[in-house]
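Contents: one structure, followed by commentary.
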Amino acid sequence: MRNPIQIGLALLLAAVVAIVAYNIYILETTPPERSYTEFLANIEKDEIQSVYFRGASITGVDREAKEFITFSPDVAGLMDKLLAKKIEISGEETSKSMGSFSQAMLPALLILGGWFIFSRAKSNRSSGFGEEKNSQLTAYHGSKVTFSDVAGIAEAREELREVVSFLKKPEKFSALGGHIPNGVLLQGPPGTGKTLLAKAIAGEAAVPFYSMGGSDFIEMFAGVGASRVRELFSEAKKNAPCIIFIDEIDAIGGKRSGGGTSGTNDEREQTLNALLVEMDGFDSGETVIIVAATNRPDILDPALLRPGRFDRQVTISLPDVKGRKKILEVHARKVAIGRGVDLSEIARAIPGFSGAEIANLVNEAALMAARQSKKAIEMSDFEEAKDKIIMGLERKNVVISEENRRVTAYHEAGHAIVAILLPDTDPVHKITIIPRGRALGLTQQMPLEEQYTYSRQYLVNRIKILLGGRIAEEIVFDHQTTGASNDIIGATEIATRLVCEFGMSDQIGPIAYIQEQQGFLGASSSFKPHSEQVAVEIDNEIKRLIDQCYQETEQLLRNNSKFIHKLAEVLLINETIDTEEIDIVHHCYLNEKEMEIEMRKQQRLKQQ
């Protein structure tokens, strides 16, 4: 239902437009006015054909069929002159015209009407939900979502199965003296399935499900949020057992400030206070469970998180490779999948994808297959959809000179060769020199398994891989380009965290100078207070580490310069190569290298 204020404004605007249009119409259709003296002269000259009296107002038509209006101060004396000239006379009874009165009163009525609508809207908002209340308090019955639709978060799903048991058979737990948990807080990164999991609880328990967003409680009028909270809980208690779901609860559940506040913050704190009171006010016989979701648990008020309010806090993290495969299987049931599609390989190729991103991946693959009029989604469609999501759209219309293509090819070959030759690195999955997004090329690595911790050697090798592109450019072309700017930023960040956060520097020691506040939406870092001398030591150590990686990587690539040329030439021909093609080039290079070594041995033997 529309907002009453919006309806009132729309009606008021329509009325103003109607009045303006009516006045324009009156001005356009009203005949020109003549003076009474000119009118009398026209009568004497026999130029008047007919007249129409409306009181003292006269509408006349002359011999040229032109209408005009005039006003007579002496209607009785005018009649003899008109009759003498045999002018056609007609008219209507003189009375107070209601048209003029209504026209004069219409603006006042519009102002009164607008004031009445605004007053009613404000009254409704101040008293509670008003018209919006009825629509927002509607309970959803018989949700079609069940736990079978939720995949990739098995631990969280099992934790919430007990909540369903509470709702179905509360007497089973109350018989032993236990009581139903008041609230369940679902916390995790965006897109991990928090809202879907809440709907699945309602679907499994087959109970009414009240869903509201945290921002739905906040309005510009003071006291509205608290009133809405009371109204929501009152309605839920009448329909117990049921579930109240509050999405993005951080909108009203943020930490309260210590000083005096006003405006929106004051309204938010009143809403939070009302929520805390209502959550404490449940009786043992009221089977109402509050489920809330947030991706910012770090900013929630401590009073909201204590036992007795949100008794259970379930963290939903990004799915691992097994979870990603199960999520793919859920979404694959809704589309036509070809026989050659390996969901395990797709799941391994998308580390860090959330449930929502995996759903988007399947949808993009289906759209790409449909564009090519395929009957089923093939592996190539998933691969293209993955590249589009990770790297961006192909910029097919970008015109790149042959020189820039060669620089890009050698740059990407440098990244890939360092990753291939160094130990403890992720395998290279794909190399492309087709512009995508903001990048002119990309070397994509795919981890063999999920990694939760990283060794020092892995991080150092990662720095070397990032520097490999710039070094390959210098070796082959003897100049530098700006294409390595993002690589240098990434290498500097890893080196800084290795020294200041992970404590992996022998020179600095195991001291964390970066204190990171990890949050679901990203980490915010702050430096531990330290002296200027320590700052100089940190800078020197970071520079020493990057310089050492640079020198070792340069030596590695110079020793394998033929490999760079071979891989770059293949890239220039095919533009995109995958693992199989990379392995073929690598094996060819190794065979040629062995042949060269064997030939050198033969030459030394001959010389001896």
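These values consider heavy atoms only, across backbone and side chains, with no hydrogens, waters or symmetry-generated copies.
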When you look at Phe310 and Leu186, which way does the side-chain contact (heavy atoms from CB on, under 4.5 Å) test go after all the steps? CA-CA 10 Å; Phe310 282 110; Leu186 306 177; over 6 Å; no
Answer yes or no: is there a side-chain heavy-atom contact under 4.5 Å between [X] and [Y]?
X	Y	answer
Glu248	Asp250	yes
Ile389	Phe353	yes
Leu185	Ile249	yes
Ile69	Ile58	no
Pro208	Lys238	no
Ile243	Ile201	yes
Gln444	Lys386	yes
Leu361	Ile346	yes

How long is the span from the [atom1] atom in [X] to the [atom2] atom in [Y], to the nearest 0.5 Å?
X	Y	atom1	atom2	answer
Glu384	Glu378	CD	CD	13.0 Å
Glu383	Met368	CD	CE	11.0 Å
Gln372	Ser380	CD	OG	6.5 Å
Asn404	Leu440	CG	CG	7.5 Å
Glu204	Lys199	CD	NZ	15.0 Å
Ile400	Arg406	CD1	CZ	14.5 Å

Take Tyr210 and Leu232, measure what side-chain contact (heavy atoms from CB on, under 4.5 Å) needs, and give me the verdict at the end. CA-CA 8 Å; Tyr210 294 89; Leu232 174 63; 4.1 Å; yes
Give me the atom names and distance for the closest heavy-atom approach of [X] to [Y].
X	Y	answer
Ala156	Ile316	CB-CG1, 4.1 Å
Asp62	Gln49	O-OE1, 3.4 Å
Ala151	Val330	CB-CG2, 3.6 Å
Asn295	Pro190	ND2-CG, 3.6 Å
Pro319	Ser354	CD-CA, 4.2 Å
Gly483	Asp487	O-OD2, 4.2 Å

Judged by atom type as modelled, is there a donor-acceptor pair below 3.5 Å linking the side chain of [X] to the main-chain atoms of [Y]?
X	Y	value
Lys194	Gly188	yes
Asn273	Glu269	yes
Gln313	Val184	no
Asn239	Ala236	no
Arg309	Leu304	no

Please check if any side-chain donor atom of Gln187 sits under 3.5 Å from a side-chain acceptor atom of Thr294, or the reverse.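 No, because no side-chain N or O of Gln187 sits under 3.5 Å from a partner of the opposite role on Thr294.
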Are the charged groups of [X] and [Y] less than 4.0 angstrom apart, N to O?
X	Y	value
Lys388	Glu364	yes
Arg405	Glu402	yes
Glu231	Arg228	no

Go through the steps to decide whether Val51 and Thr59 satisfy the test side-chain contact (heavy atoms from CB on, under 4.5 Å), and finish with yes or no. CA-CA 6 Å; Val51 293; Thr59 302; over 6 Å; no
For Phe382, run the side-chain contact (heavy atoms from CB on, under 4.5 Å) check against Asp387, Ile377, Ile350 and tell me which one passes.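 The option that passes is Ile377.
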Please verify the inter-ring angle class for Phe209 with Phe245; under 30° counts as parallel, over 60° as perpendicular, anything in between as tilted.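 Plane angle under 30°, so parallel.
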Honestly, is Arg34 close enough over Phe39, meaning NZ or CZ under 6.0 Å from the six-membered ring centre and within 45° of the axis?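 No, Arg34 does not sit over the ring of Phe39.
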Test Ile244 against Val288 for side-chain contact (heavy atoms from CB on, under 4.5 Å), laying out the working first. CA-CA 7 Å; Ile244 296 175; Val288 179; 3.9 Å; yes
